[in-house]
K.L.:
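I have a structure I would like to understand better, so I am pasting it below and will then ask my questions one at a time.
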Amino acid sequence: MKDTTIVAMFKVERNVESDFLFDSAEEDVRILAWTTTPWTLPSNTALTVGPKVKYVKVQTTSPYTNVPVSVILAEDLVGKWFAAEGDEKSKKAKVLAKSETFTGKQMEGLRYEQLLGFGNDIEPLDGQTDAFRVITANFVTTSDGTGIVHTAPSFGADDRFAGKANGIGALTLVDKSGKFKATVGEFSNRYVKDYKEEENYRDVNVDIAIRLKTDNKAFNVQKYEHNYPHCWRTDKPVLYYPLDSWFVRSSKMKARMVELNNTINWQPKSTGEGRFGKWLENLQDWNLSRSRYWGIPLPIWRTEGDENLQEKCIGSVAELQAEIEKANTALGLSQSVPEDLHRPYIDDITLVSEDGRPMKRETDLIDVWFDSGSMPYAQWHYPMENEEKFKSSFPADFISEGVDQTRGWFYTLHAIASMVYDSVAFKNVLSTGLVLDAKGKKMSKSKGNVVNPFDTLSTYGADATRWYMMSNSNPWDSLKFDLKGVEEGRNKFFGTLYNTYSFFALYANIDQFKIDEQNVIPVEERPEIDRWIISKMYSMVKLYRERMSDYDVTPACRAIETFVGDHLSNWYVRLCRRRFWKGSMSKDKQAAYETLFECLMVTAQLMSPVAPFFSEWMYGNLTAPIREAAVKNQTPLRHRSIHLTDLVKVDDSLIDTALEERMDYAQRISSLVLSLRKKENIRVRQPLPKVMLPILDASFQTQVEGVKDLIMSEVNVKDIEYLTDTSGVIKKKIKPNFKTLGRRLGKNMKAAAQTIGQFTQEDIANLERTGEYMLSVNGDNIPLTLEDFEITAEDIPGLLVANDGPLTVALDITISDALAAEGMARELVNRIQNLRKSSDFEVTDRINIQLEDKEVVQAAVAQFGDYIKAEVLGDSLDLVADLGSGEAVELPGEETVWISVTKV
RNA sequence: CCUGAUGUGGCGCAACUGGUUAGCGCAUCCGUCUGAUACGCGGAAGGUUAGUGGUUCGAAUCCAUUCAUUAGGACCA
């Protein structure tokens with residue numbers, strides 16, 4: 001914004017105090033002051049200098065009138081306004097002579113002629129009107145301008161404080177509509193800024209400049225780029241303007257408000273302690289008044305005039321009613337309580353003072369933040385009624401709003417509760433960060449980077465959107481909102497959960513399974529894998545409850561994601577698929593259904609605060625068939641809605657950390673074996689003889705033994721063999737345990753690490769056998785134990801080996817004829833299953849199979865024919881020479897055979 | 001100018017609160033599987049943890065400082 005700026009010349013009056021500035025009686029001495037708001041110049045009542053700033057008087061020629069003049073400005077700024085000595089080309093004014101410097105303190109009290117006098121009386125500030133003087137204040141700098149501040153106490157806080165402190169009066173020559181008053185000469189009634197966007201608006205600031213130039217009162221006029229404050233909504237320039245206001249003296253309650261704040265649990269902590277806490281410590285009084293039309297009127301009536309002022313503050317309609325009746329009687333009026341208590345009706349009400357004078361309402365409204373802060377009381381119409389309801393809900397357990405509400409809602413809630421009830425208004429608060437665009441920029445309509453919430457909701461749904469916002473990053477961090485993230489969450493989390501549920505529903509329908517809450521198989525009687533997922537589930541519940549109790553929702557959501565994605569879907573269901581579709585209802589099958597049901601139920605419950613719709617849908621589907629029975633028996637699933645159920649509690653007896661650990665081993669060992677298979681290009685359907693595991697401690701072997709079958713079937717090997725180090729074939733790796741050793745060794749840690757790193761296999765074997773080692777570094781002997789080392793199996797020379805941290809596996813890849821035949825059988829099963837699927841057979845259809853009689857398949861059919869038939873629900877499996885029907889399928893080894901399947 | 005927050009592969013986030021190969025997901029590339037899958041599995045590539053300096057045996061983590069983004073406030077003669 002470019003504005004007209006003026007350096008005005010204020011003519012110094014010659015008297016005893018100013019005498020030191022005058023070289024001769026005729027000298028015209030002026031003080032220079034810069035302003036970016038020329039419209040405030042007629043309201044000037046003082047000039048402010050810095051007490052310690054050095055000033056100087058310069059003799060020159062007035063640039064617009066060419067008459068001799070002496071001007072005073074800060075010594076540091078002479079170069080800004082005057083040409084350097086000897087610089088003839090400069091357009092700046094020339095220094096003809098310069099005085100000795102003097103301080104601002106010396107100038108204090110100098111009098112000058114009013115710059116633009118229009119005969120207005122000086123208005124008192126704190127009862128004083130001693131205007132047109134030089135005063136001092138510490139805020140004056142020499143960073144720009146002239147080092148002398150034109151001071152108009154009507155416009156700007158600093159000016160007002162300085163004016164008050166020095167007994168300077170004020171001249172408020174602008175009215176509330178932004179126009180000069182009628183008493184400002186040729187500028188009367190003109191807008192000081194272009195508020196109306198008039199076609200022929202003539203900038204009054206320019207006219208002021210012209211007037212000053214003509215009158216030999218301007219030293220410099222130019223357009224200058226600066227930040228003039230503008231209204232955020234209308235983008236029109238703002239004026240600082242003195243208004244009478246009603247304040248709440250919050251500053252008096254500061255200490256108590258800080259104390260109370262310290263009892264509030266802020267999430268994140270730093271907002272409460274830092275941002276909000278620091279702000280409270282620097283608290284200003286609360287200006288309640290707003291000069292507007294819509295809002296809550298101040299309920300204050302006052303007598304007119306300053307004489308024996310009386311005031312009434314009305315607290316209820318009943319009180320107003322009583323006061324109106326009093327006024328009606330005293331003043332002979334016939335008013336009644338307006339139906340609408342807002343403006344303009346309320347303004348018509350006249351009350352009466354104790355001494356019989358009429359009282360009019362203060363026309364201002366109350367700051368709308370007061371409404372927000374009054375919410376806890378207003379929502380119950382307390383204290384007029386509902387005392388019980390109010391007391392049971394105050395203070396609030398929890399609120400949440402954007403972090404930009406620090407001095408909005410958070411503050412007004414806190415201020416009112418502190419002042420009125422000496423209480424906090426909320427015990428826990430989560431201040432959320434801002435939602436930015438995908439690039440981290442603030443969303444704004446003008447930039448066009450706004451995400452339309454309604455489009456997002458209709459495309460992805462409220463649950464996926466909210467899940468993304470809660471799980472992607474902590475809600476108090478600013479969120480780079482990216483629709484791709486919403487989509488990813490929908491696909492990955494909701495998709496997986498949906499499919500897991502569908503899988504359950506598919507087979508539960510086939511088997512007519514219905515949960516019987518009172519007759520489930522006790523967990524301890526269920527298979528290990530069931531106990532495992534249930535243990536995992538309760539571990540999740542435990543973490544979830546801890547995090548949620550702390551209003552830390554993101555880790556809670558992520559725990560659900562991990563459970564659903566990694567454990568439930570990708571491990572439990574995958575490994576248990578057979579149990580659901582194999583055979584008729586058995587105890588094992590029932591256990592599987594019950595386990596999966598419980599996991600889905602609990603998942604739905606935990607996710608329900610963030611994904612209320614999906615969880616409700618899933619809960620409804622899972623429990624509708626048993627609702628009647630549940631209601632009758634008053635069991636936990638009797639509720640129509642998941643949002644009415646009791647949140648599942650942790651059952652520590654069902655958390656088995658050893659079981660979780662060995663399953664973790666199983667997953668990691670399986671993963672290592674699969675990676676070895678991959679490396680050797682051996683497909684999983686090809687059985688292999690054995691996996692070998694180096695055993696470094698006995699508990700590891702016990703643990704693996706517990707999941708041996710699982711690993712074997714998962715990676716399709718026939719056996720697991722344990723290698724103890726007595727066999728001497730394992731090559732080991734040793735590392736110091738930095739955590740235990742670091743503190744003890746300190747400076748010697750580095751040397752020790754080097755020594756240990758150079759251990760031979762024999763050294764390691766010795767250490768393992770004796771369990772101790774005497775370390776000598778820099779002359780010290782330090783006894784170490786096995787605890788101080790981390791020993792891992794690194795390699796088994798001659799075998800195919802892979803490792804993952806402390807885990808190491810070796811794989812035997814010798815394929816015997818029998819294994820090859822079995823592998824082929826599994827390939828055939830796979831191909832036949834594909835044919836079933838592409839032929840659109842029902843999952844339960846039984847089939848006859850014909851297979852082209854080729855050498856590659858003969859051994860498989862001969863040895864594993866029954867297995868194949870069982871797997872694919874085949875009644876018959878025949879080898880047929882030159883089979884030309886069905887479909888040609890590819891088998892390993894680039895063989896092709898014809899297979900034909902028909903429904904029985 | 002002051003205060004707070006944030007800064008980690010292309011992107012979004014982790015890292016037991018100072019402990020040694022900085023992980024995960026998405027995206028990319030190669031391969032593979034699938035009668036629950038908007039899937040899954042295996043592999044590859046991708047990092048000076050914003051910069052600089054310091055403390056420490058050891059720093060993404062602690063300190064100082066600079067920069068960037070963002071919020072709030074002060075000031076704007």
Side-chain angles (χ1 to χ4, degrees), chain A residues 5 33-37 40 47-48 139-141 143-152 156-159 226-229 268 270-271 273-279 282 402-407 433-434 436 438-442 468 471-474 476-480 482 484-485 487-488 490-492 494-496 498-507 554-555 558 561-562 565 569-570 573-574 577 580-581 670-671 674-679 681 683-685 735-743 745-753 790 805 830 833-834 836-837 841-843 872:
Chain A
T5 67
W34 181 60
T35 182
T36 57
T37 51
T40 61
L47 292 169
T48 309
F139 67 80
V140 178
T141 65
S143 58
D144 51 19
T146 63
I148 296 155
V149 178
H150 142 62
T151 302
D158 259 353
D159 284 16
H226 73 130
N227 300 324
Y228 192 88
S270 60
T271 300
E273 286 166 7
R275 186 195 262 252
F276 193 63
K278 291 229 164 99
W279 188 69
N282 193 18
V403 69
D404 51 332
Q405 291 300 328
T406 305
R407 57 232 58 205
L434 272 97
L436 309 170
K439 289 178 190 138
K441 296 281 173 210
K442 212 166 79 170
Y468 164 73
S471 66
N472 179 65
S473 60
N474 290 318
W476 50 84
D477 288 332
S478 52
L479 172 66
K480 292 176 192 166
D482 192 351
K484 277 189 281 182
E487 191 173 335
E488 187 183 321
R490 181 193 62 175
N491 291 355
K492 192 147 179 67
F494 287 96
T496 305
Y498 175 80
N499 286 319
T500 307
Y501 163 76
S502 305
F503 172 83
F504 172 85
L506 173 68
Y507 291 107
T554 303
R558 289 184 183 171
E561 285 179 342
T562 306
S569 165
N570 205 18
V573 174
R574 197 156 58 81
R577 271 158 60 182
F580 290 89
W581 53 264
S670 301
S671 167
L674 291 174
S675 81
L676 286 173
R677 277 180 170 277
K678 174 66 210 164
K679 209 180 274 172
N681 273 321
R683 50 197 68 217
V684 178
R685 281 193 288 265
K735 251 173 27 178
N737 182 345
F738 283 90
K739 233 170 187 168
T740 65
L741 282 177
R743 196 171 278 172
L745 297 182
K747 276 192 203 304
N748 292 328
M749 190 64 226
K750 225 171 203 167
E790 282 169 21
N830 167 255
Q833 296 286 32
N834 287 346
R836 284 184 63 111
K837 192 179 178 185
F841 291 174
E842 292 300 317
V843 179
V872 301

K.L.:
Of the options B:rG58, B:rA36, B:rA38, whose atoms approach the side-chain atoms of A:Thr500 most closely?
P.N.:
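The answer is B:rA36, which lies nearest to the side chain.
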K.L.:
Look at A:Asn491 and B:rG40 and indicate whether a side-chain polar atom (N or O) is within less than 4.0 Å of OP1 or OP2.
P.N.:
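For B:rG40, OP1/OP2 do not have a side-chain N/O of A:Asn491 under 4.0 Å.
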K.L.:
Rounded to the Å, how far apart are A:Asp159 CG and B:rC75 P?
P.N.:
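Taking CG of A:Asp159 and P of B:rC75, I get 11 Å after rounding.
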K.L.:
Could you state the atom-to-atom distance from CG of A:Leu741 to P of B:rG18 in whole Å?
P.N.:
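In whole Å, B:rG18 P lies 19 Å from A:Leu741 CG.
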K.L.:
Identify the heavy atoms of A:Leu47 and A:Ala33 that sit nearest to each other, and give their distance.
P.N.:
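The pair with the smallest heavy-atom distance is CD2-CB, 3.8 Å.
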K.L.:
Between B:rA60 and B:rG23, how many Å separate the two P atoms, rounded to a whole number?
P.N.:
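Going atom to atom, P in each nucleotide, I get 13 Å.
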K.L.:
I need the minimum non-hydrogen distance between A:Phe580 and A:Tyr507, along with the two atoms involved.
P.N.:
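Where A:Phe580 meets A:Tyr507 most closely, the heavy atoms are O-CD2, 3.9 Å.
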K.L.:
Measure from the side chain of A:Met749, starting at C-beta and using heavy atoms only, and say which of B:rC41, B:rG19, B:rC26 lies closest.
P.N.:
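Of the options given, the side chain of A:Met749 lies nearest B:rG19.
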K.L.:
Between A:Arg836 and A:Val872, what is the shortest heavy-atom contact and its length?
P.N.:
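Closest approach of A:Arg836 to A:Val872: NH1-O, 2.8 Å.
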K.L.:
Could you tell me the Watson-Crick or G-U partner of B:rC39, where both distances fall under 3.5 Å? Say none if there is no partner.
P.N.:
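Answer to the pairing question: none, since B:rC39 forms no Watson-Crick or G-U pair.
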K.L.:
Would you call A:Val403 and A:Ser478 a side-chain contact if the rule is heavy atoms closer than 4.5 Å?
P.N.:
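Not in contact.
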K.L.:
Between C1' on B:rA71 and CH2 on A:Trp279, what's the gap in Å once rounded to a whole number?
P.N.:
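In whole Å, B:rA71 C1' and A:Trp279 CH2 are 15 Å from each other.
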K.L.:
What I want to check is whether the side chains of A:Thr48 and A:Thr151 have a donor and an acceptor closer together than 3.5 Å.
P.N.:
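On atom types as modelled, these side chains qualify, holding a pair under 3.5 Å.
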K.L.:
Given atom CZ of A:Arg574 and atom P of B:rU37, what is their separation to the nearest angstrom?
P.N.:
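Whole-Å distance recorded here is 14 Å.
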K.L.:
In this structure, how many angstroms lie between the P atom of B:rA38 and the OH atom of A:Tyr498, rounded?
P.N.:
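Going from OH in A:Tyr498 over to P in B:rA38 covers 9 Å.
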K.L.:
Please tell me which of the listed nucleotides, B:rU21, B:rA14, B:rG19, lies nearest to the side chain of A:Lys739?
P.N.:
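Side chain of A:Lys739 sits closest to B:rG19.
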K.L.:
Which nucleotide in the list B:rU6, B:rA36, B:rA38 gets nearest to the side chain of A:Phe503?
P.N.:
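The answer is B:rA36.
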K.L.:
In terms of side-chain heavy atoms of A:Asn499, which of B:rA5, B:rA38, B:rG35 is nearest?
P.N.:
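Ranking B:rA5, B:rA38, B:rG35 by closest atom to the A:Asn499 side chain puts B:rA38 first.
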K.L.:
Measure the shortest side-chain to side-chain distance between A:Val573 and A:Phe503 over non-hydrogen atoms and say whether it is less than 4.5 angstrom.
P.N.:
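Heavy-atom side-chain distance check passes, below 4.5 Å.
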K.L.:
Of the options B:rG35, B:rG40, B:rU21, whose atoms approach the side-chain atoms of A:Asn570 most closely?
P.N.:
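Closest nucleotide among those given: B:rG40.
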K.L.:
Given that both distances must come in under 3.5 Å, which nucleotide forms a Watson-Crick or G-U wobble pair with B:rU65?
P.N.:
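Pair assignment: B:rU65 / B:rG51.
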K.L.:
Going by a 90° cut-off around 0, is B:rU17 syn or anti?
P.N.:
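Here B:rU17 takes the syn form, which means its glycosidic angle is within 90° of 0.
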K.L.:
Check every atom of B:rA36, B:rA5, B:rC33 against the side chain of A:Asp477 and return the nucleotide holding the closest atom.
P.N.:
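The answer is B:rA5.
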K.L.:
When the distance from NZ of A:Lys492 to C1' of B:rC24 is rounded to whole Å, what number comes out?
P.N.:
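Whole-Å distance recorded here is 10 Å.
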K.L.:
Can you check the distance between B:rG72 and B:rC39, where both ends of the measurement are the P atom (answer in whole Å)?
P.N.:
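Nearest-Å result for B:rG72 against B:rC39 at atom P: 40 Å.
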K.L.:
What is the distance, rounded to the nearest whole Å, between atom CZ of A:Phe504 and atom C1' of B:rU37?
P.N.:
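Rounding to the nearest Å, CZ of A:Phe504 and C1' of B:rU37 are 17 Å apart.
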K.L.:
What is the distance, rounded to the nearest whole Å, between atom CZ of A:Arg577 and atom C1' of B:rC39?
P.N.:
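Spelled out: CZ on A:Arg577 to C1' on B:rC39 is 11 Å.
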K.L.:
For B:rU28 and B:rG46, measure between their C1' atoms and round to the nearest Å.
P.N.:
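Each nucleotide's C1' atom is 10 Å from the other's.
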K.L.:
Side-chain N or O of A:Tyr501 less than 4.0 angstrom from OP1 or OP2 on B:rA36?
P.N.:
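No, A:Tyr501 has no side-chain N/O under 4.0 Å of OP1/OP2 on B:rA36.
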K.L.:
With the side chain of A:Asn472 defined as its heavy atoms from C-beta on, choose the nearest nucleotide among B:rA5, B:rG12, B:rG4.
P.N.:
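Closest nucleotide among those given: B:rG12.
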K.L.:
Considering only side-chain heavy atoms of A:Glu488, which listed nucleotide, B:rA5, B:rU37, B:rG25, is closest?
P.N.:
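Nearest to the side-chain atoms of A:Glu488, counting from C-beta on, is B:rG25.
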K.L.:
Between B:rC13, B:rC33, B:rU37, which one does the side chain of A:Arg683 approach most closely?
P.N.:
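Looking only at side-chain atoms, A:Arg683 lies closest to B:rC33.
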K.L.:
Using a distance-only criterion (donor-acceptor N/O pair, under 3.5 Å, no hydrogens), is the base of B:rA5 paired with the side chain of A:Ser478?
P.N.:
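Answer no: no donor N or O sits under 3.5 Å from an acceptor.
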